[in-house]
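What follows is a set of notes on a single structure, which appears directly below.
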Amino acid sequence: MSTEIIKDTHAVEHHDSHGHDHHHHESFIRKYIFSTDHKMISKQFLITGIIMGCLGMGMSLLFRLQLAWPDESFPLIESLLGKWGKDGKIDPNYYMALVTIHGTIMVFYVLTAGLSGTFSNLLIPLQCGSRDMASPFMNMLSYWFFFISSVVLMSSFFVETGPASSGWTVYPPLSALEKAMPGSGLGTTLWLFAIILFIVSALLGGINYITTVLNMRTKGMSMSRLPLTIWAFLLTAILGLLSFPVLLGAGLLLLFDRSFGTSFYLSDIHLNGIGALSNSGGSPVLYQHLFWFLGHPEVYIILMPALGISSEVISTNARKPIFGYSAMVISLLGISFLSFIVWGHHMFITGMNPFLGTMFMYVTLIIAVPSAVKTFNYLATLWKGNIRFTPAMLFAIGLVSFFISGGLTGIYLGNAALDIQMHDSYFVVAHFHLVMGSSAIFGMFAGIYHWYPKMFGRMMNKTLGSLHFWLTFISAYLVFFPMHFMGLAGVPRRYYQFSLIPEFGIWMDVNILITVAALLGGVAQLLFLYNFFNSIWRGERATRNPWHSNTLEWSTDVKHIHGNWPGEIPTVYRGPHEYSRPDRELDYFPQYEKGNGEPDYYHAPSPADTSYDGKKEKASTVFFSSFAYLFMKRAKVRA
Amino acid sequence: MNTKVKQIFKLTLVAVIILFAANLISGSVDIQGVAEEQLSADNPWFGTAEKEYKPGKMETEEDVLHSRINWAIIVFVLLMTFILANVFDIGKYTARITGRETVNQNNVNRWLMLIFMIVGIIAVAWEYVYHGELILLNDSSSEHGFAYDSMFVITLVLTTIVFIVTQFLLFWFSFKYAHSEDRKALYYAHNNRLEVFWTIIPAIVLTLLILRGHQTWKSIVYARDNYKGKMHHVEIFAYQFGWKARYAGEDGILGNADYKFISGKNELGLAYEPEVDSLLAELKVRIQQDQTAIDTLDRTLKVLERNYKNAEGLRDYTNMESIRKDISAVKNGEMKDELEASIKRKVKQVQRIEAIKKDKAIFASTFTSAAMDDIITQEIHLAKDSLVTFDFRSKDIIHSAWLPHFRVQMNVVPGMPTKFTFRPTKTTAEAKKENGEEFEYYLYCNKICGSSHFNMKIKVVIESQSEVNAWLAKQQPAFIKKKMEAVPTIQTVDSTQMMQKDTTKTLALK
Ligand code: HEM
Ligand SMILES: [Cu+2]
Ligand SMILES: [Cu+2]
């Protein structure tokens, strides 16, 4: 491909000649362990996330084995699980524990901390143009709380009664009563502690991200020039900040109910072997309201960073401006707002007032509109592009595909009437694995492949990347698509085995197909792991701007330094997506390049739009800036 | 050099600390103090080892072979991925030598996009036909199920169209606009008219879906309120792990029931005074027993220790283990705490029952004569074509009653009565004709509730009214058979403690 711009190489030489030795005095611990540098913290988040991801996936493979071959004995399972895997079969209680911890790990540890933590940390300072996060120390704490939280969660595997096993939603009374199932003993206490630590981590991170984006942008970086990644991270952090405390409250009340005899969630219970409990006056449904008040925004906390990343990756690799920047931002805003008032769609059949169900159905289905806009804009961005299939681009395309497939089934589940039948069936498993699981994981992979050169200064192997993509893509569809039909045929989720119910016998071969496909997906991840870790040391050395991208992070040196830019922070002159401008020879025009007096945006009328004029552009700038201004009175644009 | 040595030293130190911490954590969280065993070599990686001695379990040769094969497969897969990965790495070196890519990857990926689209769409079509056969559609066994199915089909058609069109465009664009050196992408940043267009169109379509969904929802959930005629009520009672149905007896009224009244002989906790009185007496005795147990804990400890020695002499390892647990529970006070909690619970229960008995108004509205002739059954029998309301009640935790063939589902929540009203339209016999002789209707549990959640179901039989009546006549009433005199009870006093508030007023299946 075309050559690097000359300016870059100059800067590299310049830096080489003087900057180096300053940074060698850092002790090992300060640099790699208790680091306050956002780039290192981002790597810590990523590696921890990957490890947790491997554990979560390993668990899913174990319980998939159980589902596919319920009568088979796997010595492997016995040697891994001990008394929970007697005769090579997973104990029903332990099956639930695996499902629970699998869900928890994937949702919170991989796709919240691993995804948002990694890329918010890496990209917010680099793409906004600041030396580090607003509070590097809090940032470090955020990682360490996350780390301790992971350790606490995993330690529940060493508890005699096993880990929490009432599902990742941990509904009381099942989770509140120690005698209701083994996992509700010490395992659930540890689960709750882990989540509390996790929330602390998420809040520390979130405050930092928001403050940094609003206050520490470089000269010229107005809100309307922010890359969509940053918009996504900003809104994600706001969602987290507003909703995680509610889960904290829910968790604390549950702890009280468990340990101090309160009755927030308990009433009218007679437990086998215990007798009537004294708890009276509480409501288990209250917990569900509190949980889903976080739970629904949580799925957007997972998804939005992935959408932001894919916007950036698609625009860069299609060599086109993202279509409808303002519409993309507005739909993110719309999704964020709506996500706070739709939680009840998880509770249509809990017996809440049907009128409430109606309201929740209305708002839920409205969310499909901004989601549709986003999809169409992605498609329009690809149209007449000049697409380079880098691994990142492949994964971003995969994301769009999953987003469509999974998003459409949301229209079924958001419909209160249809949910009567589909609730808690395998249809739901298919839905959320596609739209939240696969989609967000693909966004994460896209981000890893795209910013790997920025993180590690080396390139990942492209061929392996493509292979990884195709295997994973195919396996994910094979695993999750047939589950729709199982659900529609009446197969309930969270069932340990189906062999006791002859009716479900017809799904046996499908179950086997799914497990084989999942194993294939597992093998594909081994390729990724090899590629990832091998490239850290043996990958090809990266150039400064390997993807010929416009955004600010590519103006920094390949080698990491504290403070990101050796000299002054570059000024930003234009929006992030000025690719393939007809008035330029190169097909990209970095935000930080002053240029020769070209306008910020290319203003010639587009073929299908004769009404294009600069005024609208201005109007949207004003709109976004004032939004930011309203949000925090001190939107300090350093201009 | 010196710094390097230092670094290595620090690294080792950190590793040791982490290992130590891990050891501490895994040790301290383990209430039984068996951490050491867990960490030793031939114990599981995670999960807890069984401490008990297993003399009966011998590894047969077959087991060993199996385990070898398993491990061999794992090693093989790892090896293959490693080799595969390296083979693909080679491309990098050849590219470096020749100065250009050996295979034009962009081109390969481009064609794969097209192939994936074609194969994918065919596969989806195949799924729709092949597995679509198996889904529950157009065979509803309830009245509202048809409204449900038509809502479903509308959504299915719309989403399928959007699915095919958008996925087609996605992969087609990827294929068509793949990179080429001699082309520049079209600079096309936005088009307001287009964007408004594809905001409005989904908005309109979704509005239609919402309105239609609203109608369907209303017709299902308000069926009870809109129905003026006589309604059959059946109570569906859920517990870990099973279901019971309760029908009104000859008086046609479902009596009161409450979790506080549940006892061995009164599984559903019916408000039947003699039974409640004997429960009260039993509770008082049990409180006494618990108190005695607390007072004699010292002696218990001695007995346990003696038993332990005996068991040790007999090498009865299972027994030893359980006695050891008891001993440590006595020693660390757990046993005492548990007994005290148990006393407290029972005292509270007694107080609450006695409070009901003391207040005349509450007493009268609670202990009506309606409960004693209620019929408790292990199957649900319903009459074809007559509207029925399920009154759900949970004994312990949340369950969910799902009858997929009837498009019926409702959570069963302790402390909160829930209901579902529907009209079965197809008898079991008719359904058997369609689906084969083995076919039965079931109600499944669909909310995770513990270890046997996957096996918590109850048979549902739809038949004619006269068959239902005949079946009911054969069932035993819960307590005594009562002659007719249905007294509709009036509830004036606060009765939040009572669950089945309004069922007392409703006439039930005759
Ligand atoms: C390796 C690929 C994966 C496979 C094969 C897989 C498989 C499964 C299956 C079969 C279940 C349902 C088990 C049951 O209901 O009995 C499940 C549950 C779940 N999975 Fe996955 N999954 C995978 C990846 C993911 C990812 C990436 C996410 C991220 C969102 C995720 C999140 C969840 C959640 C939240 C649950 C629900 C847990 C619960 O019911 O409490 N999974 N998984
Ligand atoms: Cu939701
Ligand atoms: Cu259940």
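All values below were derived from every heavy atom in this structure, side-chain atoms included, with hydrogens, water molecules and symmetry-related copies excluded. All chains are named by letter (A, B, ...) in the order of the sequence lines, taking the proteins before the strands, and each is independently numbered beginning at 1.
Shown here are the side-chain hydrogen bond (donor to acceptor under 3.5 Å, both in side chains) partners of A:Asn272, two or more places apart in sequence or in another chain: B:Lys395. Under the rule for a side-chain hydrogen bond (donor to acceptor under 3.5 Å, both in side chains), the partners of A:Ser405 that lie at least two apart in sequence or sit in another chain are A:Tyr477, B:Gln167.
With a threshold of 4.5 angstrom between heavy atoms, A:Val510 approaches chain B through side-chain atoms but not through N, CA, C or O. Neither the backbone nor the side chain of B:Ser342 comes within contact range of chain A, judged by heavy atoms closer than 4.5 Å. With a 4.5 angstrom heavy-atom cutoff, A:Gln497 touches chain B via backbone and side-chain atoms both. For chain B, no part of A:Leu266 is nearby; none of its heavy atoms comes within less than 4.5 Å. Only the side chain of A:Ala372 comes within contact range of chain B, with at least one heavy atom under 4.5 Å from a heavy atom of that chain. When heavy atoms are compared at a cutoff of 4.5 Å, B:Gln349 approaches chain A solely by way of its side chain, counted from C-beta outward. Heavy-atom distances place the side chain of B:Glu195, and not its backbone, under 4.5 Å from chain A. Neither the backbone nor the side chain of A:Ala176 comes within contact range of chain B; no heavy atoms are under 4.5 Å apart. At a 4.5 Å heavy-atom cutoff, the contact between B:Leu194 and chain A is made by side-chain atoms alone. Proximity to chain B is limited to the side chain of A:Ile506, based on heavy atoms less than 4.5 angstrom apart. When heavy atoms are compared at a cutoff of 4.5 Å, B:Glu438 does not approach chain A at all. For a residue to count as touching a neighbouring chain, one of its non-hydrogen atoms must lie under 4.5 Å from one of that chain's; by this rule B:Ile448 touches chain A with backbone and side chain alike. Using a 4.5 Å cut-off between heavy atoms, A:Ser165 contacts chain B through its backbone alone, with no side-chain atom that close. Heavy atoms of A:Asn415 lying under 4.5 Å from chain B belong exclusively to its side chain.
In summary, the side chains of A:Ser466 and A:Lys462 do not present any donor paired with an acceptor at a separation below 3.5 Å, with no hydrogens or angles considered. For the residue pair B:Ser400 and B:Asn411, a side-chain donor N or O sits within less than 3.5 Å of a side-chain acceptor on the partner.
Counting heavy-atom pairs closer than 4.5 Å to chain B, the top residue among A:Glu503, A:Met181, A:Lys384 is A:Lys384. In terms of non-hydrogen atom pairs under 4.5 Å with chain A, the most contact-rich of B:Gly269, B:Ser451, B:Pro202 is B:Ser451. Of the listed residues (B:Phe439, B:Tyr239, B:Phe171), the one with the most heavy-atom contacts under 4.5 Å to chain A is B:Phe171. Counting heavy-atom pairs closer than 4.5 Å to chain A, the top residue among B:Leu169, B:Thr418, B:Leu206, B:Leu209 is B:Leu206. No other option in A:Pro370, A:Gly351, A:Gly414 has as many heavy-atom pairs under 4.5 Å with chain B as A:Gly351. Counting heavy-atom pairs under 4.5 Å between each of B:Val408, B:Val412, B:Thr159 and chain A puts B:Thr159 at the top. Residue with the most contacts toward chain B among A:Ile420, A:Leu365, A:Thr381, A:Leu526: A:Ile420 (heavy-atom pairs, distance under 4.5 Å). Most heavy-atom pairs under 4.5 Å with chain B, from the set A:Gly324, A:Pro354, A:Gly88: that is A:Pro354. Ranked by heavy-atom pairs under 4.5 Å with chain B, the first of A:Ile411, A:Leu271, A:Asp419, A:Asn317 is A:Ile411. Per-residue counts of heavy-atom pairs under 4.5 Å with chain A were compared for B:Leu134, B:Leu112, B:Val162, B:Val221; the largest is that of B:Leu112. Taking chain B as the reference chain and counting heavy-atom pairs below 4.5 Å, the highest number among A:Asp91, A:Val285, A:Ile274 is found for A:Ile274. In terms of non-hydrogen atom pairs under 4.5 Å with chain A, the most contact-rich of B:Lys348, B:His131, B:Arg212 is B:His131.
Heavy-atom contacts from other residues, nucleotides or ligands closer than 6.0 Å to OH of B:Tyr128 number more than 12.
Shown are A:Ile387, A:Ile397, A:Leu394; of these, the side-chain contact (heavy atoms from CB on, under 4.5 Å) with B:Asn109 is made only by A:Leu394.
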Side chain to side chain donor-acceptor pair (under 3.5 Å) between B:Tyr442 and B:His405, intermediate numbers included
CA-CA 8 Å; B:Tyr442 280 107; B:His405 301 101; over 6 Å; no
What verdict does the ring-ring contact (aromatic ring centres under 6.0 Å, His included) test give for A:Phe323 and B:Trp198, after you've listed the backbone C-alpha separation in whole Å, the side-chain angles of each residue and the deciding distance to 0.1 Å?
CA-CA 13 Å; A:Phe323 187 82; B:Trp198 63 46; 5.8 Å; yes
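In this structure, B:Trp402 contributes its side chain and A:Asp424 its backbone to no donor-acceptor pair below 3.5 Å.
For an aromatic pair to be called close, the ring centres must be under 6.0 Å apart, and B:His453 with A:Tyr496 fails this. Centroid-to-centroid, the aromatic rings of A:Phe473 and B:Phe116 come within less than 6.0 Å.
In this structure, the separation between CG on B:Leu156 and CG on B:Leu137 is 7.5 Å, given to the nearest 0.5 Å. The CG atom of A:Leu408 sits 6.0 Å away from atom OG1 of B:Thr166, with the distance rounded to the nearest 0.5 Å.
Annotation: cation-pi geometry not satisfied between B:Lys457 and B:Tyr444 (NZ/CZ under 6.0 angstrom from ring centroid, within 45° of ring axis).
Contact check on B:Lys184 versus A:Asp587 returns no salt bridge, with no Lys/Arg side-chain nitrogen under 4.0 Å from an Asp/Glu carboxylate oxygen.
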